[in-house]
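These notes are about the structure you will find just below.
This structure is a prediction, so every number in the text was calculated from the model and none was measured. Each residue takes its place number in the sequence, starting with 1.
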Amino acid sequence: MRKLIEYDHLSIDGRFSGDDWWAAQMKVAPNDNHFEYQLRLLEQASGLVLGRVTYETFAATWPTMTGDLADKLNSLPKHVASTTLTETTWNAEVLAGDAIDAVAQLKESGDGTLVKYGNGPLSRALVEAGLLDELHLSISPFVAGSGESLLSGISTTAMNLTGVTDIGNGAVVLAYTPSR
């Protein structure tokens, strides 16, 4: 059975989007340690799980990039949760039917790891369905003050801290597993 790991970038106040977030994130640009952490995570991956918005953003950007991280991201199969997409590019397929059922089937269909990028309704649904095995949060050293909060609106879900990695520039990655 495959493991599902979500990787997210957040501000100290738990925000992941908004104009203030992007402006502050650009001031504390990720360094090589940040990219090496993601590459280590992806080395064990057999595919990516993405929501439509993240897929469209990544598909417009990553194919034009070079380097080890870009090579790995570009080569992996992508599984996209969407009710509106009918066509994909960038080595991607739209998950058929209910996204949660499709991800559950993906997890059961092989070995290795599926890495999920992006956050929003799909992330919340995966946590609530008990399908997320690990949550890796890259915390950047700034307070955004506004923007969307990660996993807002879900029921209380206890997590166990399983790792802390200092990736430089004042940023850390916190790894959690849901308590079951």
Hey, does the side chain of Thr54 reach the backbone of Gly51 with a donor-acceptor pair shorter than 3.5 angstrom?
->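 Side chain of Thr54 to backbone of Gly51: no pair is present.
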
Which residues pass the side-chain hydrogen bond (donor to acceptor under 3.5 Å, both in side chains) test with Ser155, sequence neighbours left out?
->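 Ser155 satisfies side-chain hydrogen bond (donor to acceptor under 3.5 Å, both in side chains) with Glu128 once adjacent residues are dropped.
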
If you look only at distance, which donor and acceptor atoms sit under 3.5 Å apart when one is on a side chain in residues 93-101 and the other is two or more places apart or in another chain?
unit_1 : atom_1 : unit_2 : atom_2 : d
Glu93  : OE2    : His79  : ND1    : 2.8
Asp98  : OD2    : Ile100 : N      : 3.2
Asp98  : OD2    : Asp101 : N      : 2.9

Is there any side-chain hydrogen bond (donor to acceptor under 3.5 Å, both in side chains) pair reaching into residues 105-114, and which pairs are they, with sequence neighbours excluded?
-> Lys107-Asp133

Pairwise side-chain hydrogen bond (donor to acceptor under 3.5 Å, both in side chains) hits with a residue in residues 115-126, at least two apart |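 Only Glu6-Ser123, Asp8-Asn119, Gln38-Tyr117, Lys116-Ser123 qualify under side-chain hydrogen bond (donor to acceptor under 3.5 Å, both in side chains).
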
Interatomic spacing from OG in Ser138 to CD1 in Ile167 - rounded to 0.5 Å | 4.0 Å

Sort and list the pairs that fulfil salt bridge (Lys or Arg N to Asp or Glu O under 4.0 Å) and have at least one residue in [range], not counting sequence neighbours.
range            : value
residues 136-162 : none
residues 59-82   : none
residues 44-67   : Arg52-Glu56

Mind checking side chain to side chain contact (heavy atoms under 4.5 Å, CB included) for [X] and listing every partner two or more places apart, or none if nothing turns up?
X      : answer
Ala60  : none
Ser149 : Arg15, Ser152
Val172 : Ile139, Leu174
Thr83  : none

Salt bridge (charged side-chain N to carboxylate O under 4.0 Å, His left out) with Arg2: which residues, sequence neighbours excluded?
->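 Not a single residue meets the salt bridge (charged side-chain N to carboxylate O under 4.0 Å, His left out) criterion with Arg2.
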
Contact check, side chains of Leu4 and Leu126, non-hydrogen atoms, under 4.5 Å | yes

